[in-house]
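A note on names: the letters A, B, ... follow the listed sequences, proteins ahead of strands, and every chain is numbered from 1.
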Amino acid sequence: MKKSLDKAFKDKLEHGTASYPEDLWDKIEAQLPQEENAPSSFLGNFGILGSLLLLLLFSFGLYYFTKADTNTDQSIETSISEVQTEANQTQNSKRPNTRANISQSEILSSTDLDDKIEINQDKGEILISNDENQTSANSNTVLGNNRIIGYTNNSTSSERNLIPREENQFNSSVVNQLANVDRNDAVQQQEKRFTQDYAVGSSEFISSDGANNILLNKGDTNSEAAKPASKSLAELEGKARSVDNTSNANAFLARLESRKIESVQYLKSNRRRYNAKKLLTECPAFIITGGKGIILDFYFSPDYAMREFNPRDIEFIQYSAERASTENPFLSFSAGMRFSYVNKSGLALRTGINFTQINENFQYLNTNVTGVDTIIKIQDGTNVRDTTFVEIGETVELSTHNRYRSVDVPMLIGLEMPFNRKVKLSLNAGVFVNLLFQQRGRFIDQQGHPNWFVGQNVYKTSLGLSYYGSLGVNYFINPRMDFMLEPNLRYYSQSFTVNNYPLTQEYLKFGVLTGIRYHF
Amino acid sequence: MSPLNIKGITEKDLIEQCLRGERSSQKELFELYAPKMMHVCLRYARYNAEAQDFMQEGFVRVFKYLSQYNFEGSFEGWIRRIMINTALKNLKKKSVSHEFPGLDNYKERSVDPTIFSKLSEQELLKLISELPNGYKIVFNLFAIEGYSHKEIGEQLGIGESTSRSQLVKARRLLQTKIYNLKKLAV
């Protein structure tokens with residue numbers, strides 16, 4: 001009986017059909033999202049876009065520096081190899097004019113305090129450009145003041161006076177970046193030897209009338225050419241090479257060759273990972289505005305937090321709308337400090353402590369307030385004849401400043417890049433680890449009443465991780481300090497609300513971090 | 001997964017098109033299953049408008065969670081479970097009681113089993129709709145959907161024994177109603 005009853009119902013009702021209202025689909029469609037396969041929230045869109053942008057910028061930065069580094073290393077290796085080969089050949093032959101020609105190697109003697117020093121990586125050349133208009137009368141003196149690669153005289157130009165964080169005698173950006181080198185000893189020694197050798201060689205060559213002889217021997221009667229010291233060393237070298245077995249010319253060329261080898265070896269021993277020529281000629285301020293070391297940042301960031309409520313179930317759509325309409329974001333802020341360790345490649349690791357306060361304004365028009373009016377009837381001007389209490393309906397506007405405060409530890413990785421002599425850019429990405437999270441304020445509870453957060457079990461006590469990305473601009477102020485400006489984006493990976501609360505409350509925060517950066 | 005519909009599109013194709021957010025495919029899917037699901041909802045709802053509400057909410061859930069369907073098992077069965085869960089959830093929210101102590105006095109009637117097969121679909125549906133909610137839900141879940149008492153207990157938040165007793169009472173009531181129906185017919 002039981003089975004036949006059940007079977008009868010099952011057979012006839014299990015696959016039954018029934019008509020449905022025609023407008024039912026319209027009602028369903030109204031509740032479906034516009035694009036099913038699009039990210040479900042604006043936070044997702046921004047998160048993906050921001051991540052892609054950061055990834056792109058980061059990749060570009062890495063590529064740029066990796067490429068520059070490789071080129072520099074290769075060219076230096078080539079230079080060293082070539083010059084060493086030449087040196088060996090020179091030593092074997094003992095005759096300067098039987099050496100292999102070092103391409104267009106030019107070591108130019110400067111006759112001006114504003115020497116221009118350049119490393120030609122492609123050819124392995126070391127160039128010290130000079131002022132062609134200097135006279136022979138001061139050339140010897142000037143030779144004594146020459147500096148090898150990476151050195152200049154104590155310039156009086158205003159720009160060079162700004163160069164910070166370096167010893168007085170070095171203001172070249174290459175030298176500034178030569179890490180792990182005892183610059184005082186190595187550089188001074190190199191400078192001294194070069195100056196002496198060069199000066200002696202040049203003066204011997206010049207003072208012995210060798211140059212004049214060369215010129216005269218070649219019948220060059222040009223008055224300018226008859227002033228050898230006013231010519232570049234490249235020209236002198238060329239003249240010397242054109243004369244066979246002249247002792248002074250040979251001695252000069254030998255010293256010149258020796259200096260080339262030492263210079264390249266010096267460059268090799270102090271090789272750096274940047275494109276030296278580029279840094280020297282195009283971006284000398286790169287090193288000025290930073291470099292390897294520890295940095296301390298103090299910052300404040302006005303923020304704007306974009307918030308989204310999402311119902312965890314369809315039945316809470318209305319409640320979600322109520323909360324969204326009664327709680328409106330306004331200006332928030334962050335503040336904190338962070339330490340950075342930057343290596344010589346510009347890679348930075350940052351951590352510190354950060355405080356963030358997200359502000360919102362709760363506004364609610366409560367129309368269900370019952371007030372009590374007291375009506376006191378007075379008799380004879382002074383005596384109370386009757387007191388009546390009357391309940392009346394009231395409308396009360398509630399306004400509360402809601403605060404969501406969090407303390408986090410940022411764990412960031414960054415890449416610092418020069419932009420020009422005063423400005424450096426940085427890319428940063430990483431996570432904020434939440435330590436504390438507190439809330440204060442009011443909201444509409446599930447029963448539709450305005451209520452305080454306290455004791456409602458609405459919010460979490462920890463927010464876990466949030467993702468951070470920024471593009472920083474650092475402006476050099478003085479040898480120790482930079483001004484920093486860092487537009488940033490922070491995405492909170494978790495909802496602020498507890499899991500059993502019917503709504504999720506997610507945030508994406510934009511800010512412009514401003515602060516001071518101190519270099520230790 | 002069976003090939004379906006008049007345009008020669010398979011069910012899988014249709015689902016994938018819905019997942020891509022194609023509104024026309026979503027409507028097609030709705031129209032394909034709406035008659036059957038309306039029938040399911042009617043068996044659980046107390047009145048027609050309530051069944052429409054279950055349908056509306058159920059289909060919104062279907063499209064919302066469609067990506068979670070893994071193409072294993074019957075798609076119709078998957079939609080049906082969503083509809084039933086939606087109906088039960090709403091009934092539970094409306095504090096519909098699963099027990100009606102006042103109806104315990106119905107005696108078991110002896111009915112000719114062949115009469116069941118003579119009853120039409122509409123008559124059976126009407127009989128079910130006249131059951132008290134608690135009986136109706138348990139009978140639907142056990143006799144028609146094939147749930148076990150354990151599953152029913154978990155679904156409704158009641159004990160297995162309660163589910164069994166509800167089923168017994170539902171059957172008794174149905175037999176009485178069928179007996180009365182037969183008597184009237186005679």
Side-chain angles (χ1 to χ4, degrees), chain A residues 1-42 44-45 48 308-321 445-448 495 500-504 506, chain B residues 18-23 26-27 30-31 34-43 48 51-52 55-64 66-67 86 89-90 93 108 110-111 113-125 127-128 139-140 142-146 167-168 171 174-175 178:
Chain A
M1 175 72 81
K2 291 175 191 172
K3 285 186 180 175
S4 57
L5 179 77
D6 290 0
K7 189 172 184 301
F9 277 90
K10 184 176 176 68
D11 290 347
K12 292 196 175 173
L13 298 183
E14 187 180 18
H15 300 294
T17 58
S19 60
Y20 58 91
E22 288 182 359
D23 64 343
L24 190 55
W25 169 249
D26 296 332
K27 291 177 183 173
I28 292 168
E29 188 179 18
Q31 288 183 261
L32 295 177
Q34 290 298 315
E35 295 289 338
E36 279 291 298
N37 58 348
S40 59
S41 70
F42 75 97
N45 280 322
I48 291 167
E308 190 175 78
F309 283 113
N310 277 314
R312 284 198 162 96
D313 208 314
I314 194 165
E315 65 191 276
F316 301 113
I317 288 176
Q318 181 61 32
Y319 179 46
S320 168
D445 65 19
Q446 291 181 64
Q447 286 70 45
S495 166
N500 59 3
Y501 184 71
L503 308 180
T504 61
E506 295 174 281
Chain B
C18 291
L19 285 169
R20 287 197 293 271
E22 293 178 15
R23 189 66 83 221
Q26 289 171 340
K27 189 178 181 186
F30 167 77
E31 287 171 346
K36 288 180 181 175
M37 296 309 130
M38 187 67 189
H39 194 267
V40 171
C41 293
L42 280 170
R43 280 194 281 115
N48 197 281
Q52 290 175 25
M55 273 278 281
Q56 183 178 334
E57 187 178 330
F59 267 103
V60 171
R61 282 169 183 264
V62 165
F63 291 119
K64 183 178 177 183
L66 193 58
S67 59
T86 305
K89 188 177 157 219
N90 278 280
K93 201 167 68 181
E108 194 164 357
S110 178
V111 182
T114 58
I115 196 171
F116 300 140
S117 59
K118 291 175 185 171
L119 292 169
S120 70
E121 181 188 321
Q122 288 304 315
E123 285 173 321
L124 292 174
L125 194 60
L127 287 171
I128 285 187
F139 184 79
N140 267 319
F142 185 90
I144 301 175
E145 315 298 351
L167 181 66
V168 170
R171 281 177 180 148
L174 282 171
Q175 285 169 0
I178 292 168

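- Below 30°, between 30° and 60°, or above 60°: for A:Trp25 and B:Phe63 the angle between ring planes is above 60°, a perpendicular geometry.
- Using a 4.5 Å cut-off between heavy atoms, B:Leu167 makes no contact with chain A at all.
- Shortest non-hydrogen contact noted between A:Pro21 and B:Gln52 is CG-CD, 3.1 Å.
- Within the 4.5 Å cutoff, the side chain of A:Leu24 has no heavy atoms near those of the B:Phe59 side chain.
- Ion pairing between a basic and an acidic side chain is recognised when a charged N comes within 4.0 Å of a carboxylate O; B:Lys27 and A:Glu29 show no such pairing.
- Rounding to the nearest 0.5 Å gives a distance of 13.5 Å between OH of A:Tyr20 and CG of B:Leu42.
- Residue A:Glu14 holds its CD atom at 11.0 Å from NE2 of B:His39, rounded to the nearest 0.5 Å.
- Heavy-atom pairs under 4.5 Å with chain A peak, among B:Leu127, B:Val40, B:Leu174, at B:Leu174.
- Chain A forms the most heavy-atom pairs under 4.5 Å with one residue out of B:Gln122, B:Lys89, B:Glu145, B:Glu57, and that residue is B:Lys89.
- The CD atom of B:Glu121 sits 11.5 Å away from the CG atom of A:Asp11 when rounded to the nearest 0.5 Å.
- If you take CD1 on B:Ile144 and CG on A:Leu13, they are separated by 4.5 Å, rounding to the nearest 0.5 Å.
- Interface remark: B:Leu66 contributes no atoms to any contact with chain A (heavy atom separation under 4.5 Å).
- If you take CE on B:Met55 and NZ on A:Lys27, they are separated by 11.0 Å, rounding to the nearest 0.5 Å.
- Residue A:Phe9 forms a side chain to side chain contact (heavy atoms under 4.5 Å, CB included) with just one option from B:Leu119, B:Leu125, B:Ile128, B:Asn140, and that option is B:Ile128.
- Heavy-atom distances place both the backbone and the side chain of B:Glu31 under 4.5 Å from chain A.
- Between A:Leu32 and B:Arg23, the closest side-chain pair of non-hydrogen atoms falls below 4.5 Å.
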